[in-house]
Peer 1: 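One structure follows; several queries about it will come next.
Since the model is a prediction, treat every value here as computed from it, not as a measurement. Order of the sequence lines sets the chain letters (A, B, ...), proteins ahead of strands, with each chain counted from 1.
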2 protein chains.
Amino acid sequence: MVTGRKKSFDLKEACVRAAREVIAEQGIEALSMRDVARKLGISHQAPYRHFESRDHLLAEIMRRCFVDFAEHLDRRKSSDGNGDHEDMGSAYLAYAAQKPLEYRLMFGTPWPEPARHPELVKYAVHAFDILRNSQRAKYGDLPTHYAKADLDALFIWSTLHGMASIMQANVMQHLVLAPGVMPRLKADLMHKIDAALEASSRPAPKPGPTRRKPATR
Amino acid sequence: MVTGRKKSFDLKEACVRAAREVIAEQGIEALSMRDVARKLGISHQAPYRHFESRDHLLAEIMRRCFVDFAEHLDRRKSSDGNGDHEDMGSAYLAYAAQKPLEYRLMFGTPWPEPARHPELVKYAVHAFDILRNSQRAKYGDLPTHYAKADLDALFIWSTLHGMASIMQANVMQHLVLAPGVMPRLKADLMHKIDAALEASSRPAPKPGPTRRKPATR
DNA sequence: TCTCTTTTGTTGACGCCGTCAACTATCATT
DNA sequence: AATGATAGTTGACGGCGTCAACAAAAGAGA
């Protein structure tokens with residue numbers, strides 16, 4: 001009597017599923033409460049029994065996306081137990097390519113206010129922690145090197161996320177690139193990430209100022 | 001009589017300005033035709049004399065954003081005539097940080113159909129060409145090295161765009177990073193970009209397959 | 001079994017939005 | 001002054017998110 005689970009036909013679940021379909025097919029901004037209601041053959045107010053507002057529904061979907069995303073990354077990483085970040089990178093890009101709209105929902109859309117709910121934040125942060133922990137492990141998990149590891153993780157994330165978004169960006173379709181670039185793109189990116197991490201960890205990290213040339217003004 | 005320019009008070013111009021204000025203040029999705037009309041004290045249909053639809057207005061704004069963005073990048077680059085890509089990078093990140101919503105409009109929003117207008121595409125591509133040309137110049141503008149230069153440009157773009165979006169992403173605000181990471185972030189990124197480009201151009205570029213390890217399946 | 005309360009779903013309204021259609025005011029050109 | 005284009009107004013329509021009031025259904029206690 002207190003659980004509230006197990007309905008005759010769990011409408012809440014059905015709403016989420018229908019909404020995710022709409023998003024995957026028509027995009028985030030096309031999602032409307034009335035749409036999912038129509039799709040389920042119920043009245044336009046029924047979904048409001050399970051979600052306070054459109055934003056709350058969106059937040060729940062985002063939460064699930066983060067869960068799925070983290071699972072996706074975890075699966076690839078643990079497939080051979082070595083956690084090679086090239087695998088991680090491939091998995092990351094694959095997810096973004098396969099579910100572009102859900103990826104955009106997580107990382108490219110301003111979070112609605114209900115999305116600040118701790119439950120969502122927890123899973124979102126967890127996804128980053130997968131990457132971060134792999135880098136910290138690389139440095140032997142020494143707290144002394146946490147900052148270095150975090151910088152590495154942010155660099156990897158930047159590059160992967162950047163590539164993922166760029167591939168979806170509309171400008172991309174209009175660029176005329178030199179022949180042979182597109183097929184080599186992913187491998188080249190991974191190679192450069194490797195090179196950057198290797199180079200940045202070997203020579204003494206210079207704590208000096210950014211510029212080596214005096215600014216003009 | 002044929003130019004159509006110079007009205008008593010150029011309403012088209014005023015619409016664009018008002019719309020950009022709304023976007024900068026309230027976000028892209030908050031922009032409404034009726035809002036700009038209200039803001040200008042005119043009837044809700046007046047803007048339609050100058051823009052076929054909301055999407056056409058949005059497209060015009062995007063076009064101007066790309067123009068501004070390219071100008072912004074050009075200005076920094078030519079300030080000392082050397083086109084150091086660290087300057088470019090700083091300029092890129094600075095723009096994204098200063099006009100986050102306009103940046104999102106250009107690179108993070110699905111283009112409405114009217115945005116495929118050649119005029120817009122032209123300026124969007126031009127912004128990328130600034131980056132690409134600087135890389136091609138690095139290789140002495142030899143067509144033989146265009147592919148390499150384009151890969152470099154895409155890598156730089158990925159990393160910069162990734163960092164720019166990540167800094168705006170909502171997840172970022174919830175990450176607890178090791179102390180000292182945030183202040184070092186930008187410099188570290190530039191340093192890693194440098195390292196990646198240097199390393200990838202020095203050793204013989206391996207044209208071999210992506211993986212060095214046989215795939216598990 | 002018959003109430004009584006809580007939960008779940010429906011109907012109808014409100015104000016906002018984008019946009020179409022029809023009307024009017026303004027103004028350069030003949 | 002007459003004309004025809006151009007710019008702006010008013011009013012309507014359907015779709016949206018959401019509030020409020022109602023109805024049906026389901027559990028719990030007697």
Side-chain angles (χ1 to χ4, degrees), chain A residues 1-23 25-62 105 109-115 117, chain B residues 1-23 25-62 101 105 109-115:
Chain A
M1 91 274 214
V2 80
T3 63
R5 305 263 164 273
K6 273 295 164 186
K7 292 290 160 308
S8 52
F9 183 58
D10 195 345
L11 192 54
K12 180 166 184 173
E13 200 56 30
C15 284
V16 172
R17 221 191 310 280
R20 284 182 83 159
E21 274 176 32
V22 174
I23 288 181
E25 286 164 13
Q26 325 216 27
I28 297 140
E29 32 281 316
L31 173 69
S32 84
M33 289 281 128
R34 289 171 118 106
D35 242 15
V36 326
R38 241 180 324 247
K39 206 157 181 166
L40 294 166
I42 57 181
S43 81
H44 66 265
Q45 274 289 3
Y48 281 86
R49 284 293 149 190
H50 304 277
F51 303 96
E52 259 183 64
S53 72
R54 180 183 185 271
D55 281 349
H56 283 80
L57 171 56
L58 226 42
E60 171 62 15
I61 295 177
M62 288 176 59
L105 181 59
T109 306
W111 283 7
E113 204 255 317
H117 193 69
Chain B
M1 89 273 212
V2 80
T3 62
R5 304 265 162 274
K6 275 291 164 187
K7 293 289 161 310
S8 51
F9 183 58
D10 195 345
L11 192 54
K12 180 166 184 173
E13 199 56 32
C15 285
V16 172
R17 220 190 310 277
R20 285 182 82 161
E21 273 176 33
V22 175
I23 288 182
E25 287 164 14
Q26 327 216 28
I28 297 140
E29 32 279 320
L31 174 69
S32 84
M33 287 283 131
R34 289 171 118 106
D35 242 14
V36 326
R38 241 182 323 251
K39 207 157 180 163
L40 295 166
I42 57 181
S43 81
H44 66 265
Q45 275 289 2
Y48 282 85
R49 284 291 147 193
H50 303 278
F51 302 96
E52 260 183 65
S53 72
R54 180 182 184 271
D55 282 348
H56 283 80
L57 170 56
L58 227 41
E60 171 62 14
I61 295 176
M62 289 176 60
L101 291 158
L105 181 60
T109 305
W111 283 8
E113 205 254 319

Peer 1: Give the intermediate values and the outcome of salt bridge (charged side-chain N to carboxylate O under 4.0 Å, His left out) for residues B/Lys39 and B/Glu21.
Peer 2: CA-CA 10 Å; B/Lys39 207 157 180 163; B/Glu21 273 176 33; 3.5 Å; yes

Peer 1: Under 3.5 Å, which protein N or O atoms sit close to an N or O of nucleotides 14-18 of chain C? Give each pair with its distance.
Peer 2:
residue	atom	partner	partner atom	Å
C/dC17	OP1	B/Ser32	OG	3.4
C/dC17	OP1	B/Arg38	NH2	3.2
C/dC17	OP2	B/Arg38	NH1	3.4
C/dC17	OP2	B/Arg38	NH2	3.0
C/dG18	OP1	B/Met33	N	2.9
C/dG18	OP2	B/Met33	N	3.1
C/dG18	OP2	B/Arg34	N	3.2
C/dG18	N7	B/Arg34	NH1	2.4
C/dG18	O6	B/Arg34	NH1	3.0

Peer 1: Counting just side-chain N and O atoms, does B/His50 come under 4.0 Å of either OP1 or OP2 of D/dT6?
Peer 2: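 Indeed not, no polar side-chain atom of B/His50 lies that close.
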
Peer 1: Which whole-number value in Å describes the distance from B/Leu40 CG to D/dT9 P?
Peer 2: 11 Å

Peer 1: Write down the distance between CG (B/Leu11) and P (D/dT6), rounded to a whole number of angstrom.
Peer 2: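 Atom-to-atom, B/Leu11 to D/dT6, this comes out as 16 Å.
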
Peer 1: Going by heavy atoms in the side chains, are B/Leu31 and B/Gln26 under 4.5 Å from each other?
Peer 2: no

Peer 1: Show the nearest heavy-atom pair for residues A/Val16 and A/Phe51, with the distance to one decimal.
Peer 2: CG2-CZ, 3.6 Å

Peer 1: I need the CD-C1' distance between B/Glu13 and D/dA7, as an integer number of Å.
Peer 2: 17 Å

Peer 1: For the pair made of NZ in B/Lys12 and P in D/dG8, what is the distance, rounded to whole Å?
Peer 2: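 So the NZ-P distance, B/Lys12 to D/dG8, works out to 12 Å.
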
Peer 1: Say you draw a straight line from CZ of A/Arg17 to CG of A/Leu40; how long is it, rounded to the nearest 0.5 Å?
Peer 2: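 Output value for this atom pair is 10.0 Å.
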
Peer 1: Pick out the pairs of N or O atoms, protein on one side and nucleotides 24-27 of chain C on the other, that lie under 3.5 Å.
Peer 2:
none

Peer 1: Show me the protein contacts with nucleotides 22-24 of chain D, counting only N or O atoms at under 3.5 Å.
Peer 2:
none

Peer 1: Could you please spell out the steps behind the side-chain contact (heavy atoms from CB on, under 4.5 Å) verdict for B/His50 and B/Leu11?
Peer 2: CA-CA 8 Å; B/His50 303 278; B/Leu11 192 54; 3.7 Å; yes

Peer 1: Locate the shortest heavy-atom distance separating B/Cys15 from B/Pro47; write the atom from each residue and the value.
Peer 2: SG-CB, 4.1 Å

Peer 1: Looking at A/Asp35 and A/Ala30, what are the two nearest heavy atoms and their distance?
Peer 2: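 So the two residues come closest at OD2-O, 4.0 Å.
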
Peer 1: Of all heavy-atom pairs between A/Pro112 and A/Met62, which one has the smallest distance, and what is that distance?
Peer 2: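 Answer, listing the atom of A/Pro112 first, then A/Met62: CD-SD, 4.1 Å.
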
Peer 1: Could you walk me through whether A/Ile23 and A/Leu58 pass the side-chain contact (heavy atoms from CB on, under 4.5 Å) check?
Peer 2: CA-CA 10 Å; A/Ile23 288 181; A/Leu58 226 42; 4.1 Å; yes

Peer 1: Less than 4.5 Å apart, side chain to side chain, heavy atoms only: is that true for A/Val36 and A/Ile42?
Peer 2: no

Peer 1: Just the rounded figure in Å: distance from P of D/dA7 to CG of B/Asp10.
Peer 2: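 Taking CG of B/Asp10 and P of D/dA7, I get 10 Å after rounding.
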
Peer 1: Does the pair A/Glu29/B/Arg54 count as a salt bridge with the N-to-O cut at 4.0 Å?
Peer 2: no

Peer 1: Look at the side chain of A/His44 and the base of C/dG12, then say whether one donor and one acceptor between them are separated by less than 3.5 Å.
Peer 2: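 Donor-acceptor pair under 3.5 Å: yes.
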
